[in-house]
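Before any comments, here is the structure.
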Protein chains: 2
Amino acid sequence: MKEVKSAFNVSCKNCGLQKVCFPTGLRREDVDRLDDIVDRRSPLKKGQHLFEASDKFSALFAIRAGVIKLYSFTDSGEEIVHGFYLPGDVLGIDALGSKQHQYSAVALDTTSVCTLPFEKFTELTESIPNLNQQMLNAISKEVLDGRMHSELLIRRNADQRVAQFVWNMSERYRNRGYASDEFRLSILHRDVAVYLGLTPETVSRILAKFHAENIVTWKKKEVMIHDMQRLMHIAGVHSSCDSCKATA
Amino acid sequence: MKEVKSAFNVSCKNCGLQKVCFPTGLRREDVDRLDDIVDRRSPLKKGQHLFEASDKFSALFAIRAGVIKLYSFTDSGEEIVHGFYLPGDVLGIDALGSKQHQYSAVALDTTSVCTLPFEKFTELTESIPNLNQQMLNAISKEVLDGRMHSELLIRRNADQRVAQFVWNMSERYRNRGYASDEFRLSILHRDVAVYLGLTPETVSRILAKFHAENIVTWKKKEVMIHDMQRLMHIAGVHSSCDSCKATA
DNA sequence: CGAAGGTTTGATGGCGTTCAATAAGAGTGG
DNA sequence: CCACTCTTATTGAACGCCATCAAACCTTCG
C-alpha cells in the first residue's frame with residue numbers, strides 16, 4: 001500500500017502536522033502503521049465537497065492544507081456555519097454516532113485531506129492503545145469548540161465577536177507554526193458573518209473601524225494584525241495565559 | 001460488589017432508563033457486568049455539585065432522576081449555561097480529552113446519579129464490543145446538542161428561542177416515556193434565560209404572552225402545553241417528523 | 001418573621017438588522 | 001487583454017427588538 005510521494009502526498013512520518021494531528025505523540029512504528037491505512041486523494045478544488053449532509057459515514061478526515069467550512073441549513077432554509085477547519089484539524093466526528101453525516105463540508109480553497117477509513121482505524125485502535133486517547137482528544141476538542149462557539153454567541157456584542165474570531169484564527173495559525181500577525185485567510189466575510197450570527201454589513205462596518213483604528217487590516221484574503229494587545233482586549237481575552245490554554 | 005437495593009439504588013438490569021442509557025441494547029450478561037462497576041451514591045441535594053471546573057476527571061455520570069445544570073463563567077465573570085441534563089443523559093464527556101472537567105455541574109433539584117468509573121469502563125469496553133459504540137453515541141449526542149445550542153442562538157428571536165426550549169424539554173420527556181404536554185421542570189427562569197442568551201425579563205415577558213395566548217403555561221415549576229401545534233410553529237419546527245429525528 | 005433572591009411589569013435607549021444603492025472583485029468567454 | 005456578468009463588499013438611513021434600569025411583588029428558607 002506504500003505510495004509514490006508528492007507535494008500533496010507526504011507520509012505521516014514526514015508530515016509537519018504530526019504534532020497537531022497526534023499532539024501527545026505516537027511511537028515511530030505506530031505512525032508507520034497509520035501511514036498504511038491513510039488514503040491521500042488529489043486535493044479538493046474550491047467549492048468541492050468533502051462530504052454532504054446525509055452522506056454515509058465511512059472515514060474521518062484530517063486536513064493537510066487549505067480550509068474546510070462545515071455548514072448546514074435550518075428548517076427555514078437559512079445557512080448555519082458551524083466552523084472552519086484548518087490544517088491538522090479532524091473532520092467527521094459529528095457522524096460517529098449515527099454513521100451518517102449531519103452537516104456538509106466544502107473546500108473554501110484548494111484543500112488536501114488525509115482520509116482515515118474508520119473500520120481500519122478502529123482495528124488499529126486495538127493494537128495501538130495510545131490511539132484511542134488521541135481519538136478522545138479530537139472528540140473532546142470538537143465538543144469544546146462547539147461550546148466556545150455558543151459562548152461567543154451569548155452576550156458578546158458584534159465588536160467582540162469579530163475581534164475574537166480574528167484572534168482565534170491568529171492563535172490557530174500560531175499553534176501550527178505560522179506567523180500569527182500576518183496570514184492568508186480564504187474565508188469570505190459573508191461566511192464569517194453567518195458563523196458569528198451577524199450580517200455581512202455589520203462585519204464589514206466593524207472591520208472598517210478596526211482598520212481605521214489601526215488594529216486589524218483584512219483586505220483581499222490577507223489579514224494583518226497591527227495591535228494584538230488591543231485586539232485581545234476587545235475580544236475579551238483578559239488572562240495573560242490564554243494562549244497557553246488554547247495550545248492545550 | 002452487589003448492593004442492597006432501594007428506591008435510589010436499582011440495578012441497570014431493572015432500570016427503566018436502560019433504553020435511554022443504552023439505546024441500541026446490550027446483551028443481558030453485559031448489562032450485569034456493567035452493573036458491577038456502577039457506583040450509586042446517595043442522591044445530591046439541590047445546590048450540590050456533581051463536579052466542578054478543574055476537578056480531576058475520573059468517571060462518567062448517568063442521571064437517574066432529577067436535573068443537572070452544566071455551566072461555567074466567562075473571563076469577565078458572566079455565567080454561561082451550557083445545558084440541562086435529564087434522566088438517562090450522560091455527563092462528563094467534556095473532560096475525556098484533558099482528563100480534567102472544563103465546566104461545573106450542579107443539581108437543580110434532588111438528583112440521583114450513576115457513576116461509571118472511567119478506568120473500569122474502558123476495561124469493559126474491550127470485552128463488550130457494543131459498549132464502545134454506545135460511548136460514541138453518547139459523545140456524538142453531546143456534539144450535536146452543542147451545535148443545536150449554537151443554532152438556537154443564531155438568528156432566532158426571543159420568541160422562537162423560548163418556544164424551542166419548551167418544545168425541546170417536552171420532547172425529551174416524551175422520549176423518556178413521560179407526558180409531553182404536562183411536566184414538572186425544576187429550572188429557574190433565570191437559568192433558562194442565561195442558556196438562551198436572553199435576560200430574565202425577556203423570558204418572563206414571553207412566557208406571559210404565551211400564557212395569555214393559551215399556548216403554554218409555566219408557573220411554579222409546572223409546565224403545561226395547551227397548543228403544541230402553535231408552539232412548534234413558533235419554535236420553527238416545521239417538518240412533521242422532527243420528533244422522529246429527535247428520538248434517533 | 002425577616003431577609004435574600006427570583007419574578008413581573010413598565011419606560012427608555014442602543015445596537016444591530018433591514019432595505020437600498022453603489023463599488024469592487026472574481027470568473028468567463030471573446 | 002478587455003468586456004461582460006455575477007457574486008461579494010461597502011456605505012448610508014431608518015426601524016425594531018431586546019437590554020437596561022427601576023420598582024413592586026412574590027417565594028423560599030433560615
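Below, read A as the first sequence line, B as the second, and so on, with proteins coming before strands; counting in each chain starts at 1.
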Exercise for the section: Output the single nucleotide from dG16(C), dT11(D), dT18(C) whose closest atom is nearest the side chain of S204(A). Expected result: dT11(D)

Problem - Residue from L198(A), I234(A), I206(A) passing side chain to side chain contact (heavy atoms under 4.5 Å, CB included) with R161(A) - result: L198(A)

Completion exercise
Picking from dT20(D), dC29(D), dG25(C), the nucleotide nearest the side-chain atoms of R155(A) would be dT20(D)

Fill in the blank from the handout: Winner on side-chain proximity to T202(B), out of dG6(C), dA19(D), dT11(D), is dA19(D)

Handout entry: Phosphate OP1/OP2 of dG25(C): any K221(A) side-chain N/O under 4.0 Å
Key = no

Completion exercise
note: L108(B), atom CG; dG6(C), atom C1'; distance rounded to Å ~ 14 Å

Handout entry: Options dT11(D), dT28(D), dC18(D), nucleotide nearest the side-chain atoms of A208(A)
Key = dT11(D)

Handout entry: Closest to the E201(A) side chain, choosing from dA20(C), dT8(D), dC18(D)
Key = dA20(C)

Handout entry: Phosphate-side-chain proximity, T199(A) and dT17(C), N/O vs OP1/OP2 below 4.0 Å
Key = yes

Handout entry: Closest nucleotide among dA26(C), dA9(D), dG12(D) to the R205(A) side chain
Key = dG12(D)

Handout entry: Atom-to-atom span, CG of D191(B) to P of dG6(C) - whole angstrom
Key = 8 Å

Handout entry: Point-to-point distance, once rounded to the nearest 0.5 Å, from CD1 of I68(B) to NE2 of H49(B)
Key = 9.0 Å

Practice task
For E222(A) and dG25(C), give me the distance from atom CD to atom P, rounded to whole Å.
Solution key: 14 Å

Practice task
Please confirm whether H149(B) and Y195(B) have ring centers closer than 6.0 angstrom.
Solution key: yes

Practice task
Look up atom CG in D94(A) and atom CD in Q100(A), then write down how far apart they are to the nearest 0.5 Å.
Solution key: 10.5 Å

Problem - Phosphate contact (dA9(D) OP1 or OP2) by K219(A) side-chain N/O below 4.0 Å - result: no

Practice task
Mind checking G197(B) for me? I need base, sugar-phosphate or nothing, with any heavy atom below 4.0 Å counting as a touch.
Solution key: sugar-phosphate

Exercise for the section: Select one nucleotide: of dC18(D), dA26(C), dT28(D), the one nearest the side-chain heavy atoms of K220(B). Expected result: dT28(D)

Problem - Ring center gap for Y178(A) and F183(A) short of 6.0 angstrom - result: no

Exercise for the section: Kindly indicate whether the side chain of R190(B) and the base of dT8(C) share any N or O donor-acceptor pair separated by less than 3.5 Å? Expected result: no

